Every structure is written in structure tokens, then in C-alpha cells.
Amino acid sequence: MRASRFHLVTTRETPADAEIASHQLMLRSGMIRKLTSGIYSWTPLGWRVLKKVENIVREEMDRAGYLELLMPAIQPAELWQETGRWDDYGELLLKITDRAGREFVFGPTHEEVITDIARNELRSYKQLPITFYQIQTKFRDEIRPRFGVMRAREFLMKDAYSFHIDQASLEETYWEMYEVYSRIFERAGLVFRAVRADSGEIGGSASHEFHVLADSGEDQIVFSTDSDFAANIELAEAARPEGEAPAPGKEMELVDTPNVRTIAELCEQFDLPVEKTIKTLVVEASEESGGGLVALLVRGDHELNEIKAAKLPQVASPLRFATEEEIRAAVGAGPGSLGPVNLPIPCLADHSVLVMSDFGAGANSDDKHYFGINWGRDVEAPAGADLRNVVEGDTSPDGQGTLRLARGVEVGHIFQLGTKYSESLNAVVLGEDGKSHAMPMGCYGIGVSRIVAAAIEQNHDENGICWPAPLAPFTVAILPMNAKKSHRVRDVAEQLYADLTAAGVECLLDDRNLRPGVMFNDMELIGIPHRVVVGERGLDEGKLEYRLRTAEANEDLPLEGAVEAILEKLGRS
RNA sequence: CGGGGUGUAGCUCAGUCUGGUAGAGCGCUGCCUUCGGGAGGCAGAGGCCGGAGGUUCAAGUCCUCUCACCCCGACCA
């Protein structure tokens with residue numbers, strides 16, 4: 001490709017509404033253009049990268065024997081009403097109406113459609129297992145689109161669905177898919193981690209997420225130093241502390257604590273270690289436990305894990321924090337002065353709280369705290385539960401090693417769905433036993449467009465993007481210096497371009513006749529992995545100049561045999 | 001959806017408080033000089049100041065209403 005014909009439009013300045021590196025660099029390099037909130041066009045440059053990702057995904061899916069198809073983006077409401085997700089999926093579902101007033105959705109995912117296909121197409125266990133996939137535009141009406149294509153409303157997704165005669169077959173495909181996904185992210189040149197995950201809205205039992213590690217990631221993931229334990233923090237159970245609370249060493253005392261609203265203020269003003277304090281959070285109780293409110297206790301330096309809490313039978317799901325008015329009505333004190341002693345509502349404590357002694361907590365009376373509280377002596381110990389987020393250094397739940405935390409961008413998610421959809425849509429086949437069986441299903445997603453952003457998050461420097469070779473829009477940039485004035489430079493660059501292109505290398509020849517600095521900066525910004533500079537200076541010595549995008553310095557290549565030397569640099573000789 | 005903020009040239013932003021000729025830098029067009037890390041000069045093009053009402057002799061600026069976008073929170077690939 002000739003740069004002069006490629007509509008390369010880069011900007012020096014960073015657009016004001018981009019926060020993270022990938023979004024900024026995608027805009028500056030001209031890969032994407034925003035049409036409206038959460039909806040982007042891909043320019044020729046961006047589209048080349050997106051297609052690279054798409055092709056890797058497609059090749060690996062095909063290699064595994066999965067069948068590509070294409071389903072409609074627009075789906076009839078009836079299908080969604082049949083599974084109940086017309087209402088359950090909530091506001092994320094974009095509903096649209098045709099001229100006759102019939103309702104449709106723009107598909108955010110395709111369990112309904114694929115299961116409809118399966119119930120019509122699949123008759124016998126002999127056709128199973130079978131896995132279909134597609135690469136297609138999805139729309140989810142995110143409450144808050146963010147970070148460019150990282151969390152867009154419209155995005156490109158690879159979604160796959162498998163159908164089975166029994167759970168054992170589902171598990172086999174599930175773990176096979178786990179390997180396929182791992183291969184995809186490896187091939188894309190990404191540093192990633194598979195972690196156990198919450199299965200969330202889609203339902204089902206087992207589930208893993210694949211995260212590209214990046215500091216700007218929206219998810220917190222946890223893994224063990226010594227075992228293969230890895231999980232999303234939403235799901236990571238905290239190891240139960242061993243032993244009992246130490247014997248009381250202090251008397252309980254009631255202390256006036258005006259101007260204390262937070263744990264931090266309490267610790268600072270009264271010189272209390274934070275791990276000797278208790279945070280009392282009040283949430284809505286579940287209906288089956290009688291409604292009302294329930295208090296959750298975690299250690300002052302710990303955070304409540306809302307996902308775990310919502311799964312407890314005593315707690316309403318989804319989790320809802322009580323308002324200050326509700327708390328005052330039930331307890332008679334504000335949120336800053338709550339604690340377990342004389343608490344008039346039911347209470348659950350994180351396991352780590354139950355092994356504390358001589359601790360401080362609110363007195364359920366405004367501007368008063370108790371210090372030196374001990375379980376049993378001063379107040380009956382509440383029931384224990386796993387309520388908190390694990391923290392760096394915790395013992396791994398499997399007992400091997402300690403936990404490390406990292407941030408990740410979720411780029412893939414695999415689920416064992418079970419028969420949730422096959423039952424509600426009556427997708428059954430005849431088994432070997434001659435009876436009908438609802439097919440257990442798996443579903444597997446990859447955020448194709450999100451991978452592009454995640455790859456940049458993981459691979460950039462102060463000059464721009466540093467594409468992993470498999471994702472780069474072009475492999476080699478050829479930069480002629482002052483080509484306008486030197487036919488020699490021009491001819492060598494053209495010949496190199498022709499030869500490399502003939503050898504199947506994707507080259508970008510910068511024939512724009514710009515000043516060298518502009519070309520260098522542009523090519524670094526858009527992140528082309530290999531750069532060859534053709535200049536009078538080098539030609540006099542029979543040399544070209546070569547540089548890897550991520551290298552510190554240039555190296556010379558002999559003009560004679562330059563094509564072979566470059567192919568060798570690409571690992572293609 | 002709650003809370004905060006911003007809308008002025010293709011982009012980044014001044015100007016709004018205190019009403020009076022619509023600006024700068026980058027980018028774009030032409031010419032000249034320059035040419036190995038975002039050059040310099042000259043000459044240009046480009047704006048219903050997000051939209052609608054209102055106040056005023058006069059509104060980018062003041063008032064009301066709207067729309068869009070961004071940021072912080074709960075969801076997801």
C-alpha cells in the first residue's frame with residue numbers, strides 16, 4: 001500500500017474525550033471515528049487490524065472443527081419472550097419496532113436464535129456434539145459506554161454455541177474451547193490469563209473469563225503464586241482464617257467520636273489500627289428471610305464483595321444498599337456510627353471479622369463508638385460468611401501459595417449453559433435410548449473489537465502503538481528520505497516495495513514526500529513493527545537502515561540482498 | 001438512572017464573569033525557501049459560537065427550555 005493513497009490521517013494532539021492510551025492512540029492514529037456515543041466507524045487502517053484479529057479467531061475456530069454461520073442481527077420479540085429474556089435482559093436490550101408495529105431486538109447475543117435453529121435442525125444424538133459460531137456485530141445499550149471500542153455499544157463479537165447429548169459431552173467441548181481460546185490469544189501475541197468467573201445474567205454453571213493483562217483493565221483478577229488457582233475477584237473465595245479470636249485484652253468502652261464518618265477518620269483521630277476496626281454495611285434483606293434490612297460486617301481494611309453478598313440466602317439479589325433514611329428508621333443512628341453491639345437488625349460477619357478481638361465499631365448511636373469489643377463477652381458473635389474481596393497476600397483458597405492481584409480486560413468468556421435455553425425453547429433430540437433429551441449447551445464469546453483496544457493497552461510506548469506482529473496493519477514501513485530530490489532513493493524504495501510485496505509482505509511505502517520527522521512519527525504512531533529507511537546517505541555506502549519498532553537503535557542492512565535480510569528479520573526466511 | 005462537567009473552524013482550546021467588528025495554535029489550499037525526528041515565509045479557504053425561545057438598541061456572552069457529548073457509580077465481550 002502506498003501511504004499517499006491510503007487515507008492516513010493522524011493527529012498530533014490527543015482528542016479531549018479519550019481517557020486511556022488505547023482510545024487516545026486509536027483516535028490519533030486514525031483507526032476509528034466516533035459516530036455517536038459508543039458507536040464507531042473503523043477507517044481503512046483500523047479495519048485492517050480488526051480483520052487480523054477476526055482471521056486469527058476464524059482460523060482457530062475452523063481448525064477446531066466448529067462451523068461458521070451467520071445469524072440475523074435483528075430478531076423477533078417472540079423468541080425473546082419465549083426464553084423470558086425480553087424482560088430479564090433489561091435496559092441493555094435495544095428494542096425496535098417495524099412499520100406494522102411488530103417488536104424486534106437488535107441482537108446483543110444469539111442464544112435464542114441459535115437454539116431456534118438447533119430445535120429445527122437437530123433431531124438425533126448422532127448429529128451431536130456440534131458447535132456453531134459467527135463473527136458479527138452486536139448491540140448492547142450500555143448504560144455507560146466508555147474508553148472507545150473497549151466498551152462500545154456496537155461491537156464485533158465472535159459468539160459460538162455448542163449442543164450436546166449430555167453434560168459429559170458439554171464438558172469435553174468446554175475444555176476444548178478453553179484450549180482453543182488460549183491458542184487464539186497466544187497467536188494474537190497477547191499476555192493473558194484465564195480465570196474462573198461468575199456466570200452472571202446468561203446463566204449456567206461453570207464459566208471462565210479470559211483477560212488481557214493491563215493496568216487500565218476494568219476487572220480485578222486474582223491468582224495464586226504456587227498453584228493454578230485464578231479467578232475474577234468477584235468470585236475468588238477468601239480462605240477461612242484458622243484458629244479462634246485471641247482472648248480479650250481490653251475492657252469495652254463507649255467513646256464520643258464526633259466528626260467521625262469513615263473508618264479512615266476513626267483510625268486517624270483515635271490512633272486505632274485499621275485492622276482493629278469493623279465496617280458495618282446495611283443492605284436490603286431477601287424476601288425469604290423476612291425482608292427488611294441486614295447488616296454485613298467486614299474488617300475496616302477490607303472491601304465488601306457485592307457479588308458474593310448477593311448470593312447469600314439472607315441478602316436480596318441484586319444487592320441494594322439501604323438509604324440513610326432506612327438505616328436511621330431501623331437502627332436509630334446514621335451510617336457512620338453503626339456496629340454489632342446493640343444492633344437491632346440481623347447481622348452477618350465476614351469470617352475474618354470473627355477472629356478479631358479488642359476491636360472498635362460504631363455504637364448505633366450518633367457520634368459514639370465502642371472500643372475494645374470482644375465477641376462472646378460483649379456481644380454474641382454473628383453467623384460467619386465469605387463477604388469480602390480477597391486482598392494481595394491472602395492465602396489461596398486451595399491452600400497453596402498466596403494471592404496476587406492484577407487488572408485485566410475481559411476479551412473472552414466461556415460458559416456451560418446447561419439446558420436453560422434448550423428447555424425454554426424445547427430444543428430436544430432423540431437419544432440412544434429412543435427418548436427426547438433437552439440438549440445441554442455451551443456458549444463462548446470473544447470480543448473481537450475489544451481485543452484491538454486491549455492489544456494497544458498492552459503494547460504501546462510514548463511514541464504510539466507497538467503492534468504485536470500478528471495484529472499489525474502492515475508489517476514493514478518503507479521510508480524514502482527526500483525522494484522528491486533523489487531518483488536513486490525513489491527507485492530503491494520502489495524496488496524494495498515491489499519485491500517485498502511480491503514476497504507476500506504487507507508493506508506501507510511512505511511516498512507522501514513529507515519531511516522525514518513527520519514520516520518517522522506517523523509510522524511509530526500507527527505502530528508498524530518493522531521500518532526500513534532509504535536515504536542518500538546510506539545508499540552511498542550501499543546500505544539501508546532497519547529498525548524494529550520496539551528496538552532502541554538502528555542497524556544497517558546491505559543493499560545487496562536487502563529483501564532476504566528483511567524477510568529474515570520477519571522470521572520468514 | 002443518580003451525581004459532576006463540557007458544547008465556539010477538521011482537531012486542541014481562548015473569548016462568556018463585566019453584552020458592542022468571532023480569535024490563536026495545529027491541520028487544509030497555493031507559491032517560495034527548506035529537507036535524516038512533527039521546518040520557515042507570504043497569500044488564502046474554512047464558523048447560523050449545539051438547538052429553540054426570551055431579555056436588550058445590540059447576545060458567543062444574560063435568562064428559560066431542550067439536545068448532544070464526556071467524567072464518577074451499578075453491567076458486560
Side-chain angles (χ1 to χ4, degrees), chain A residues 9-20 23-24 27-28 30 33-39 53 57 89-93 108-110 135-160 181 197-202 207 209-212 217-219 232 234 306-307 310 318-321 323 408-415 443-454 463-464 479-486 489 513-525 531 533-539 545 547 554:
Chain A
V9 184
T10 59
T11 63
R12 204 183 318 197
E13 281 172 301
T14 301
D17 55 7
E19 289 279 308
I20 60 170
H23 190 195
Q24 292 175 349
L27 289 170
R28 282 191 55 208
R33 298 291 178 220
K34 184 171 75 179
L35 181 61
T36 184
S37 178
I39 300 183
V53 177
V57 172
Y89 207 86
E91 300 280 309
L92 284 179
L93 195 58
T109 176
H110 280 66
I135 297 173
Q136 190 214 32
T137 296
K138 299 282 187 283
F139 193 96
R140 295 182 188 173
D141 199 358
E142 294 281 348
I143 303 162
R144 188 146 106 78
R146 219 188 315 202
F147 303 148
V149 299
M150 187 75 91
R151 177 186 290 293
R153 295 196 291 171
E154 185 181 298
F155 59 99
L156 192 64
M157 178 175 174
K158 187 285 302 175
D159 46 324
Y181 270 40
D198 185 54
S199 50
E201 239 349 88
I202 293 184
S207 131
E209 291 168 349
F210 290 77
H211 287 265
V212 168
E218 294 188 84
D219 285 282
N232 192 304
E234 293 175 346
E306 299 185 18
I307 305 275
L319 185 102
R320 185 181 68 82
F321 283 100
T323 62
V409 177
E410 186 189 347
V411 290
H413 200 159
I414 60 177
F415 300 85
C443 81
Y444 319 90
I446 288 181
V448 175
S449 44
R450 180 179 282 179
I451 286 176
V452 176
N463 295 323
L479 307 193
M481 300 290 101
N482 284 314
K484 203 193 278 182
K485 280 209 173 155
S486 165
V489 166
N513 282 318
L514 296 170
R515 296 171 65 80
V518 179
M519 292 195 280
F520 289 138
N521 284 317
D522 269 355
M523 295 304 129
E524 280 163 16
L525 176 61
R531 179 181 83 191
V533 173
V534 184
E536 284 281 351
R537 226 162 58 184
L539 292 182
E545 183 182 289
R547 181 143 162 193
N554 297 325

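Not measured: the values here are computed from a predicted model. Values reported hereafter were calculated over all heavy atoms of this structure, with side chains retained and with hydrogens, waters and symmetry mates removed. Here is how names work: the chains are called A, B, and so on, in the same order as the sequence lines, proteins then strands, and each is numbered from 1.
With rounding to whole Å, Y89(A) atom OH is found 14 Å from C75(B) atom P. Whole-Å rounding puts the I143(A) CD1 to C70(B) C1' distance at 17 Å. Whole-Å rounding puts the M150(A) CE to C75(B) C1' distance at 16 Å. Rounding to whole angstrom units, CZ of residue R320(A) and P of A74(B) are separated by 16 Å. Rounded to an integer number of Å, the gap from M157(A) CE to C76(B) P is 12 Å. One interatomic measurement links the two molecules: CG of N554(A) to C1' of G37(B), which rounds to 11 Å at whole-angstrom precision. C76(B) atom P lies 18 Å from atom NE2 of H110(A), rounded to whole Å. Straight-line distance from the CD1 atom of I39(A) to the P atom of A68(B): 12 Å, rounded to whole Å.
Residue side chain R450(A) reaches the base of C76(B) through a donor-acceptor N/O pair under 3.5 Å, judged by distance alone. Not a single donor-acceptor contact under 3.5 angstrom links the side-chain atoms of N482(A) to the base of G36(B). Judged by distance alone, with hydrogens and angles left aside, E524(A) brings a side-chain donor or acceptor within reach of the base of G37(B), the pair sitting under 3.5 Å.
V9(A) comes within 4.0 angstrom of nothing in the nucleic acid, heavy atoms only. Note on V518(A): a base of the nucleic acid sits closer than 4.0 angstrom, heavy atoms only. Within 4.0 Å (heavy atoms only), D159(A) reaches no atom of the nucleic acid at all. At a threshold of 4.0 angstrom between heavy atoms, the contacts of K485(A) include nucleobase atoms, whether or not backbone atoms are also involved. The residue G445(A) sits close only to the backbone: its heavy atoms come under 4.0 Å of sugar-phosphate atoms, none of a base. E545(A) comes within 4.0 angstrom of a nucleotide base, judged by non-hydrogen atoms across all strands. Looking at heavy-atom distances under 4.0 Å, G517(A) makes contact with sugar-phosphate atoms alone, never a base. Across all strands, L319(A) comes closer than 4.0 Å to no nucleic acid atom at all (heavy-atom distances). Within the nucleic acid shown, R537(A) comes within 4.0 Å of at least one base atom, counting heavy atoms only. Counting non-hydrogen atoms under 4.0 angstrom, A152(A) reaches a base of the nucleic acid. Among the heavy atoms of the strands, none lies under 4.0 Å from E91(A).
By the 30° and 60° cut-offs, the orientation of the rings of Y181(A) relative to Y444(A) is perpendicular.
Remark: the backbone N or O of M150(A) is paired with a side-chain donor or acceptor of R450(A) at under 3.5 angstrom. Put simply, the side chain of E154(A) never gets that close to the backbone of I39(A): no donor and acceptor are under 3.5 Å apart. Remark: side-chain polar atoms of R28(A) are paired, donor with acceptor, to backbone N or O of T11(A) under 3.5 angstrom.
Comparing the P positions of C72(B) and C62(B) gives a spacing of 28 Å, expressed to the nearest Å. Nucleotides G10(B) and G53(B) are separated by 24 Å at their P atoms, to the nearest Å. The gap from the C1' atom of G5(B) to that of A45(B) amounts to 34 Å, rounded to the nearest Å. Here the separation of U61(B) from G20(B), taken at their C1' atoms, is 11 Å to the nearest Å. Comparing G7(B) with C17(B), their P atoms sit 14 Å apart, to the nearest whole Å. Taking atom P in both C31(B) and C69(B), one finds a spacing of 42 Å when rounded to whole Å. Between the C1' atoms of U18(B) and C65(B), the separation comes to 26 Å (whole Å). Spacing of C1' atoms, C35(B) relative to G40(B), comes out at 12 Å, to the nearest Å.
Ring stacking is absent between F520(A) and G36(B), as the pair misses the limits of under 5.5 Å between centres and under 30 degrees between planes.
Dashed line: the shortest gap from a side-chain N or O of S37(A) to OP1 or OP2 of C70(B) is under 4.0 Å. Side-chain N/O atoms of K138(A) include none lying less than 4.0 angstrom from OP1 or OP2 on C76(B). Between R12(A) and C26(B), a side-chain N or O to OP1/OP2 separation shorter than 4.0 Å is absent. Regarding contacts with the backbone of A77(B), every side-chain N or O of R153(A) stays at 4.0 angstrom or more from both OP1 and OP2.
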Summarise how protein sits on nucleotides 2-16 of chain B as a single string, 5' to 3': B when a protein heavy atom is under 4.0 Å from the base, S for sugar-phosphate-only contact, - for no contact.
-> ---------BSS---
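In this structure, of G37(B), G36(B), G38(B), it is G38(B) that holds the atom nearest to the side chain of D522(A). Taking every side-chain heavy atom of R515(A) into account, U34(B) is the closest of U34(B), A68(B), C76(B). Across A74(B), G38(B), C69(B), the shortest atom-to-atom separation from the side chain of E306(A) is found for A74(B). Side-chain proximity of F415(A) to G37(B), C72(B), A77(B): nearest is A77(B).
RNA chain B is contacted by both E142(A) and H23(A); H23(A) maps to the nucleotide lying nearer its 5′ end (nearest heavy atom per residue). Toward the 5' end of RNA chain B, the nearer of the two residues V149(A) and T10(A), judged by each one's closest nucleotide, is T10(A).
Across every strand in view, C76(B) sits unpaired, with no contact that passes the Watson-Crick or G-U test at under 3.5 angstrom. Shown here, U18(B) forms no base pair; nothing in the strands shown gives a Watson-Crick or G-U wobble contact with both key distances under 3.5 Å. Of all nucleotides present, none satisfies the Watson-Crick or G-U wobble test against A9(B) with each distance under 3.5 Å. Both distances falling under 3.5 Å, in either a Watson-Crick or a G-U wobble arrangement, place U64(B) opposite A52(B). Applying the Watson-Crick and G-U wobble criteria (two distances, each under 3.5 Å), C35(B) pairs with nothing in any strand. For G44(B), the paired nucleotide is C28(B), the pair qualifying as Watson-Crick or G-U wobble because both relevant distances are below 3.5 Å.
Between A454(A) and V409(A), the shortest heavy-atom distance links the atoms CB-CG1, 4.1 Å. Between M481(A) and P516(A) the shortest heavy-atom distance is SD-CB, 3.6 Å. Heavy-atom minimum distance, G38(A) versus A152(A): O-CB, 3.4 Å.
When the options H110(A), K138(A), Q136(A) are evaluated for a side chain to side chain contact (heavy atoms under 4.5 Å, CB included) with M157(A), the one that passes is K138(A).
Checked for salt-bridge contact, E524(A) and R531(A) meet the test: a charged N lies under 4.0 Å from a carboxylate O. Classification of E536(A) and K485(A) as a salt-bridged pair fails, no side-chain N sitting under 4.0 Å from a carboxylate O.
Shown here are the ring-ring contact (aromatic ring centres under 6.0 Å, His included) partners of F155(A), two or more places apart in sequence or in another chain: there are none.
Inter-residue side-chain proximity for E218(A) and E410(A) is flagged as unmet; no heavy-atom pair is nearer than 4.5 Å.
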